[in-house]
Undergrad: 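Submitted below is the structure of interest, expressed as structure tokens.
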Amino acid sequence: MAERITIKSESQHELMRAAGALTGETLAYLGTLVRPGISTKVLDEAAEEFIRSHGAIPSFLNYEGFPASICASVNEQIVHGIPNKKTILKDGDIISIDCGAKIDGFHGDAARTFLVGEVDPDIVKLVEVTKECFFKGLEQAKVGNHIADISRAIEAHANAYGYGVVRELVGHGIGSDMHEAPEVPNYFNIRMGRGAKLVSGMAIAIEPMINLGVRHVDFLPDGWTCVTRDRRPSAHYENTIFITENGPEILTNPI
Ligand code: MG
Ligand code: MG
């Protein structure tokens, strides 16, 4: 991970638009495939095929050893679920799909939580509010504000519903590295301070991870999958955004 915050040039901004657009399109396409009976492995294969057929590289594949092109996290899995043949979606599940595409050296990174068939209304609400949390954070992503303004807005919206806000994993800067400085937490505490000041040319991924129950997490023995400690459901929603003088620009085609 790059330690410094990188400021992108106009030509790099264009490359990030291309990578972001394809990332968003990939997720929209995967959303059309989500249904009871499909395995997360099939979704992963579809994602890799889609990304490569558009002349890009799946950002996640082999990233720090991750074995797939998407993270597929079902129900109590928060993030970093590994696609596999045995995980077959069933009616009432939710699945968070996180995906990235690299074009000409620059990355897009985005995530959506999809409903599978008929989902419990409490869980539907969690998915909706998690998406709203992103947009609450986005409103604060303007030149002159600080990272903590985004963090606070996300946390306040989730807290209003009594949800748990995950702390162990956070949003991040993004560019020629998928994970760059600064960190973009979904919560605030006084020790963190205000965080980096937002300036034109920064690109960040804002990605609330919100739990129906407690905020605490466990990591499964596979070394990747992050689950809620109480095993109640969790939702994830992410876009890559670009800070401009005219406000934030979402690069990953929000759906
Ligand atoms: Mg992501
Ligand atoms: Mg991310």
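In this chain, numbering begins with 1 at the start of the sequence shown. First listed ligand is number 1; within each ligand, the first listed atom is number 1.
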Undergrad: Listing residue and atom name, which protein N/O/S atoms are closer to the Mg ion (ligand 2) than 2.8 Å?
TA: Asp109 OD2, His172 NE2, Glu207 OE2, Glu238 OE2

Undergrad: Can you list, pair by pair, the side-chain donor-acceptor contacts under 3.5 Å of residues 155-163, counting residues two or more places apart and other chains?
TA:
| residue | atom | partner | partner atom | Å |
| --- | --- | --- | --- | --- |
| Glu155 | OE1 | Phe188 | N | 3.1 |
| His157 | NE2 | Glu132 | OE1 | 2.7 |
| Tyr163 | OH | Leu126 | N | 3.4 |

Undergrad: Measure the shortest side-chain to side-chain distance between Asn253 and Leu22 over non-hydrogen atoms and say whether it is less than 4.5 angstrom.
TA: no

Undergrad: With salt bridge (charged side-chain N to carboxylate O under 4.0 Å, His left out) as the criterion, how do Glu128 and Lys131 come out once you've worked through the C-alpha distance, each side chain's angles and the decisive distance to 0.1 Å?
TA: CA-CA 5 Å; Glu128 289 172 356; Lys131 181 174 179 178; over 6 Å; no

Undergrad: Tell me, which pairs form a side chain to side chain donor-acceptor pair (under 3.5 Å) where one or both residues lie in residues 202-220, sequence neighbours left out?
TA: His172-Glu207, Glu207-His236, Asn211-Ser234, Asp218-Arg229, Asp218-Arg231

Undergrad: Ignoring hydrogens and angles, state whether a donor on the side chain of Asn239 or Thr252 is under 3.5 Å from an acceptor on the partner side chain.
TA: yes

Undergrad: Can you list, by chain and residue number, the hydrophobic cluster partners of Val227 when the side-chain cut-off is 4.5 Å?
TA: Leu220

